[in-house]
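Below, chains carry the letters A, B, ... as their sequence lines are ordered, and counting in each starts from 1.
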Amino acid sequence: MEVIYWIADNVFGTPAILLGFIVLVGLLLQDKTASQRVSGTFKAIIGFLIISAGSDIIVSALTVFEPLWKEVFNLSEQPLGEFMGQNAFNAEYGSAVTLAMTIGFLINVLLARFTKLKYIYLTGHMMFWTTTIFAGIVVHTVGDVSFGKLVMFLAVIMGIYWTVQPALTQPFMRKITGNDNIALGHTSASVALLGALAGKVLGNKDNDSEKIKLPKGLEFLRDSNVITALTMGLLFLVGAVIISFKDTPGAEELVASAGSQNFVIYAIVQSFTFTAGIAVVLMGVRMFIGEMVPAFKGIATKIVPGAKPALDSPVVFPYAPNAVILGFLGSFAGALLWLFVLGNTVGYIFVPTMIVLFFHSATAGVFGNVTGGVRGALMAGFITSTVVAWGQYITVKMLLADTIPDTAMWAADSDMFILGPIIRFLAQLLF
Amino acid sequence: MKVLSVCGLGQGTSLILKMNVEQALSEKGIRADVEHMDVSSASSMSADYIITSNELAEGLEGHSAKLIIVNNYFDMDEINQAIDEHIAKA
C-alpha cells in the first residue's frame, strides 16, 4: 500500500514528473534514439516548470495594468482579489490537467476510430490551456474535488470537444482549402463559425478580400511578440499619460509605485514585461508540447486509418492573407470599444491580448471572407473581440474568480468562454 | 545539422512543419535535429537551415542560417521539393 501512496504523491501528484513519464512513453513508442528520448523527457519536465515562472511575470505586469485603467475610468471597485494563480494551481491540480489531457486525447482517438468523425485534434498547446481553464472552472464551482473525478470529468468533456469541434467547422474548411484533407482544431472555432454565418447573412461574397492589395509594411504583424508588445505598450502608454495628469490619491499612489523612475517609462517597461512573461510561458509550453504531439500523432495514425488531422488556426492563413489582416483590424476596433464600454459600465478592465486578437480574429476573418468577402472578414474580427471581451469579463469575475483568473485573461479563448457556463452547469450537476 | 521550423507564435503550426520536415529528411536518409519556434526566438538561435513561410522570412533576413521557403506547411510535396533543392543537394 505504501508504495502506491508514494507513487500517487510523487509521480501522479507532481505534474512535471507525470508529464515526463507520459512523454517518455510516447518517445518509446516512436522510432527515436536513446539520446532523443533522454533530451525529450528532460525538455518536457523543464518546459512544464518554466510555465510557472512565466505566469508570475505576467501577473506582476497585470497587477499594474489593472489599477492603472481602473484609475483612468475612476473605478473604485475591489481589484482582482484573492486567487490561486497559475503557479499554485499547477502545483495542486497540474497532474489532473495533464492526465485528463492525455486520456481525453485517447477518447478522441477512439471516437475517431469508431464513429464517422475522423478528426484527430493535434493543437497541443490549446489542448493544455483548454483543459486548464475548464479545470479552474470546476474547482471554482465545486471547491474540494477528488482527483479521479476531476480527471474523468475533464477527459470525457475534452475527448468529445476535440472530436466534434473539427467536424463543425469542416464544411467551411472545405470551402477555404478546396479539399477535405485537413481540419481546424482550435479554440477559436466558435468565432470562426459565427464569422462565417455573419458573413453569409450580411456580407458580400463577391467582394473577395484577396482582390485588394495590402501594404507590405503590415508583415510585422505576424510576429506574436512584436504585436503583443506594441498593443499592450500603446494601452499602457495611454493609461500612464492620463494618470500623469490626474491628481487623485489613486493616481498619486500609482505614480509613487514607480519610485524614482518616470511613470510613463515605468508603464512602458511593464508592457514589455507582460510580453516577456508570455514569451516565457510559450517557451515552456513549446518545450513539452513539442515532445507530446508527435507521440500523439504516432499513436493516432496507427489506430485510426484515414484520420484527418485537426490543426492550429494559422493553417487557414495562406488561403486568404488579406482576410487575416482585415480580421485583426475588425477585432482591434472592437477591443478598444469594449475596453471603454466594459470599463464604464460593469467596471471590468478587459485585457485584450494580441495572441487572441490577432491569431483568432485572423482565423475568423478567413472564415468570414469565404462567405462574406471584405465585410465578412471585418465583421468576423469584430465578433471575435466581442466574444472575448464579454467572455473574459464573465469568466474572470464569475466562473473562476478564485482559481486562475490570471490565466483566463491572457490564455483563454472564445470557445472556452462560450463553453465555460456549460462546464459550470455540468460540474454542479455531476459533483 | 540543425534545422529550425518557424511560425508566428512558435506553437502548433511550426510543430506540424517540424514533424513533416523530420519525416521528409528521414526518408532521404538525412540526419538532422529539427526544432520549432517563433520568429523572434529563431532570429537569435544558431542553425544551419531555417524553414519558414515567405512573409516570416523577411524578418529573418541576415540570419547566418540558410533560409528555405515553404508556403504550405502541410504539403509534403512542397516540403520534399524544398529539401531536395536546398539540403539534399548541398
Side-chain angles (χ1 to χ4, degrees), chain A residues 30-33 35-36 39 43 121-129 177 179 181-182 185-186 216 218-229 275 278-279 282-283 285-287 289-294 297-298 309-319 321 324 354-355 358-359 362, chain B residues 1-27 29-45 50-61 63 67 69-79 82:
Chain A
Q30 294 173 85
D31 188 21
K32 296 275 185 184
T33 64
S35 99
Q36 282 171 323
S39 81
K43 272 157 71 181
Y121 200 96
L122 287 178
T123 310
H125 58 293
M126 290 328 304
M127 291 169 112
F128 174 70
W129 291 121
T177 63
N179 61 47
N181 300 335
I182 51 169
H186 198 263
K216 271 243 160 226
L218 290 170
E219 300 296 4
F220 70 92
L221 283 175
R222 287 168 200 274
D223 185 325
S224 66
N225 291 311
V226 176
I227 42 177
T228 304
T275 312
I278 291 188
L282 290 180
M283 182 174 101
V285 174
R286 188 176 80 216
M287 278 175 85
I289 294 297
E291 305 304 327
M292 205 157 177
V293 169
K297 189 168 186 258
L311 304 170
D312 197 4
S313 63
V315 316
V316 300
F317 295 0
Y319 296 99
V324 165
M354 287 306 122
I355 294 176
F358 182 74
F359 287 89
Chain B
M1 183 166 68
K2 176 134 181 163
V3 182
L4 307 179
S5 68
V6 173
C7 73
L9 190 56
Q11 299 290 327
T13 312
S14 51
L15 176 58
I16 301 294
L17 177 63
K18 169 189 132 140
M19 293 195 285
N20 289 343
V21 168
E22 274 178 343
Q23 188 192 331
L25 287 172
S26 80
E27 277 167 11
I30 303 170
R31 285 193 54 154
D33 249 347
V34 190
E35 253 193 277
H36 69 293
M37 59 190 60
D38 63 285
V39 207
S40 325
S41 310
S43 61
S44 57
M45 286 277 289
I50 293 178
I51 306 188
T52 191
S53 67
N54 207 3
E55 294 91 21
L56 292 175
E58 282 183 24
L60 291 164
E61 267 168 32
H63 198 285
L67 290 175
I69 310 285
V70 167
N71 283 310
N72 188 342
Y73 292 4
F74 314 95
D75 184 351
M76 282 309 288
D77 290 337
E78 191 185 345
I79 292 169

Contacting moiety of A:F317, where chain B heavy atoms sit under 4.5 Å: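 Neither part, no heavy atoms under 4.5 Å.
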Non-hydrogen atoms of B:H36 and A:G290 that approach each other most closely: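 Between these two residues, the closest heavy atoms are CE1-CA, 3.6 Å.
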Nearest non-hydrogen partners of B:Q11 and A:L282, listed with the distance: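 Result for this residue pair: NE2-O, 2.9 Å.
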I need the residue from [options] with the largest number of non-hydrogen atom pairs under 4.5 Å to chain A.
| options | answer |
| --- | --- |
| B:E35, B:E22, B:M37, B:K18 | B:M37 |
| B:G12, B:S14, B:S26 | B:G12 |
| B:S53, B:S40, B:S41, B:C7 | B:S40 |

Atom group of [X] that falls short of 4.5 Å from chain A, counting heavy atoms:
| X | result |
| --- | --- |
| B:N71 | backbone |
| B:L9 | both |
| B:F74 | side chain |

Test log, rule side-chain contact (heavy atoms from CB on, under 4.5 Å), inputs B:D38 and A:R286: CA-CA 10 Å; B:D38 63 285; A:R286 188 176 80 216; 3.6 Å; yes
Choice from A:P309, A:A279, A:S313, A:P314 maximising heavy atom contacts with chain B below 4.5 Å: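 The candidate making the most pairs under 4.5 Å is A:P314.
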Distance in Å, A:T123 OG1 paired with B:I16 CD1, rounded so as to fall on 0.5 Å steps: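 Separation between the atoms: 7.0 Å.
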Audit row: A:H125, B:L15, side-chain contact (heavy atoms from CB on, under 4.5 Å) steps and yes/no: CA-CA 10 Å; A:H125 58 293; B:L15 176 58; over 6 Å; no
